[in-house]
Amino acid sequence: MIKISPLDKARELGNSISQSDEYTNLRKAEEAFHNDNESVKLLKDLEVKKKKYESLISSDNINNKIIKSLFEEIKDIEKKIANNLIIQNLYDCQLKYDKLIKNVNTIIGYMIGSTAQSKSGRSGCKGSCSGCKK
């Protein structure tokens, strides 16, 4: 019997993941996002406003009027993000890709007898792989 190296299998797995719909859709969504200045600006603006908001809240000199105004700006940006199809597609593709990777890791853990628990304290794998299939 020929032994197959785990590293060879890892390369094979990496190649398979790179050819998956989840991966290719994520790469396309990332490219569309980076090519759309409005989408990029929305997320950068949100990040800047949130940092400023957090800084103001944690400062000794709290100005409720400024904080409230900034909070409203953040909510407005979040609404724009929720209505931005490019960003929403990116988020959706990222979630699907993350689920694929989580399922791969769960299966690997199961196959090597890992007893790792999810954050909820329950094992992610039920043993049948039925939840891991598309």
Side-chain angles (χ1 to χ4, degrees):
M1 184 163 110
I2 299 174
K3 274 192 165 182
I4 300 171
S5 162
L7 296 178
D8 288 338
K9 283 296 187 181
R11 286 183 197 91
E12 188 179 321
L13 176 59
N15 186 46
S16 178
I17 289 171
S18 74
Q19 294 176 19
S20 70
D21 289 342
E22 293 86 351
Y23 181 83
T24 55
N25 290 340
L26 177 59
R27 292 296 163 239
K28 288 176 187 175
E30 287 174 336
E31 184 178 347
F33 168 75
H34 290 296
N35 288 329
D36 185 68
N37 292 333
E38 179 186 341
S39 297
V40 171
K41 185 178 181 328
L42 278 172
L43 289 185
K44 282 183 181 178
D45 287 350
L46 180 63
E47 182 181 348
V48 168
K49 301 280 184 190
K50 281 187 171 184
K51 283 182 181 178
K52 186 174 180 181
Y53 180 81
E54 290 169 7
S55 175
L56 285 171
I57 291 214
S58 63
S59 73
D60 292 335
N61 188 12
I62 296 177
N63 183 326
N64 288 334
K65 186 176 181 180
I66 293 173
I67 291 173
K68 184 177 179 181
S69 174
L70 195 52
F71 182 76
E72 292 301 320
E73 289 178 40
I74 290 170
K75 282 177 37 178
D76 184 52
I77 294 170
E78 288 174 338
K79 285 179 189 175
K80 289 177 183 176
I81 288 171
N83 291 318
N84 182 297
L85 297 179
I86 291 172
I87 294 173
Q88 292 309 308
N89 183 53
L90 176 61
Y91 287 169
D92 183 54
C93 290
Q94 183 67 55
L95 285 173
K96 289 176 182 173
Y97 176 76
D98 289 348
K99 182 178 179 181
L100 170 68
I101 297 303
K102 180 182 176 209
N103 287 339
V104 166
N105 287 330
T106 298
I107 292 168
I108 291 170
Y110 176 75
M111 295 308 295
I112 63 172
S114 173
T115 59
Q117 302 290 308
S118 69
K119 289 181 182 177
S120 66
R122 294 176 287 159
S123 175
C125 185
K126 304 292 186 254
S128 70
C129 296
S130 63
C132 298
K133 295 180 182 175
K134 290 183 182 179

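Only a predicted model underlies this, so the values are computations on that prediction, with no experimental measurement involved. Below, all heavy atoms of this structure are taken into account, side chains as well, without hydrogens, waters or symmetry copies.
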*Asks:* Okay, side chain of Gln88, backbone of Ile81: is any donor-acceptor separation there less than 3.5 Å?
*Replies:* yes
*Asks:* So with a 6.0 Å cut-off around CD1 of Ile112, is the heavy-atom count from everything else above 12?
*Replies:* yes
*Asks:* Is Lys9 paired with Glu12 through a side-chain N to carboxylate O contact shorter than 4.0 Å?
*Replies:* yes
*Asks:* Any heavy-atom pair between the side chains of Asn105 and Ile101 that's under 4.5 Å?
*Replies:* yes
*Asks:* Side chain to side chain contact (heavy atoms under 4.5 Å, CB included) with Leu7: which residues, sequence neighbours excluded?
*Replies:* Ser5, Arg11
*Asks:* Is there side-chain contact between Ile62 and Leu56, with at least one heavy-atom pair below 4.5 Å?
*Replies:* no
*Asks:* Identify the two heavy atoms, one from Asn25 and one from Cys93, that lie closest to each other, and give their separation to 0.1 Å.
*Replies:* O-SG, 3.7 Å
*Asks:* Taking the side chain as everything from C-beta on, heavy atoms only, tell me whether Glu73 gets closer than 4.5 Å to Leu70.
*Replies:* yes
*Asks:* Please check if any side-chain donor atom of Gln94 sits under 3.5 Å from a side-chain acceptor atom of Asp98, or the reverse.
*Replies:* yes
*Asks:* Under 4.5 Å between side-chain heavy atoms, hopping through other hydrophobics if needed: is there a path connecting Leu95 to Leu100?
*Replies:* no
*Asks:* If I compare all heavy atoms of Ser18 with all of Asn15, which pair ends up nearest, and what's the gap?
*Replies:* OG-O, 2.8 Å
*Asks:* State, to 0.1 Å, how close Leu42 and Ile77 come at their nearest heavy-atom pair, and which atoms those are.
*Replies:* O-CG2, 3.6 Å
*Asks:* Salt bridge check, Glu22 against Arg27: does any charged N sit closer than 4.0 Å to a carboxylate O?
*Replies:* no
*Asks:* With rounding to the nearest 0.5 angstrom, report the CG to CG distance, Asp92 to Leu85.
*Replies:* 11.5 Å
*Asks:* For residues Ile86 and Asn35, determine if any side-chain heavy atom of one lies less than 4.5 Å from a side-chain heavy atom of the other.
*Replies:* no
*Asks:* Measure the spacing between CG of Leu46 and OH of Tyr53 and express it to the nearest 0.5 Å.
*Replies:* 12.5 Å
*Asks:* Side chains of Asp21 and Lys96: closer than 4.5 Å at any heavy-atom pair?
*Replies:* no
*Asks:* Check whether Ile107 and Tyr110 end up in the same hydrophobic cluster, where Ile, Leu, Val, Met, Phe, Trp and Tyr are linked by side-chain heavy atoms less than 4.5 Å apart.
*Replies:* yes
*Asks:* Under a 4.0 Å N-O cut-off, is there an ion pair linking Lys51 with Glu47?
*Replies:* yes
*Asks:* Any donor-acceptor pair under 3.5 Å linking the side chain of Ser69 with the backbone of Lys65?
*Replies:* no
*Asks:* How about Tyr23 and Gln19: do any of their side-chain heavy atoms sit closer than 4.5 Å?
*Replies:* no
*Asks:* Is Leu26 reachable from Leu13 through a run of I, L, V, M, F, W or Y residues, each pair having side-chain heavy atoms under 4.5 Å apart?
*Replies:* yes
*Asks:* Look up atom CD in Glu54 and atom CD1 in Ile74, then write down how far apart they are to the nearest 0.5 Å.
*Replies:* 8.0 Å
*Asks:* For Asn63, give me all partners under side chain to side chain donor-acceptor pair (under 3.5 Å), at least two apart in sequence or on another chain.
*Replies:* none
*Asks:* Salt bridge or not for Asp76 and Lys80, using N-O below 4.0 Å?
*Replies:* yes
*Asks:* How far apart are the closest heavy atoms of Val40 and Phe33, and which atoms are they?
*Replies:* CG2-O, 3.3 Å
*Asks:* For residues Val48 and Ile67: do they belong to one hydrophobic cluster (side chain heavy atoms under 4.5 Å, members Ile, Leu, Val, Met, Phe, Trp, Tyr)?
*Replies:* no
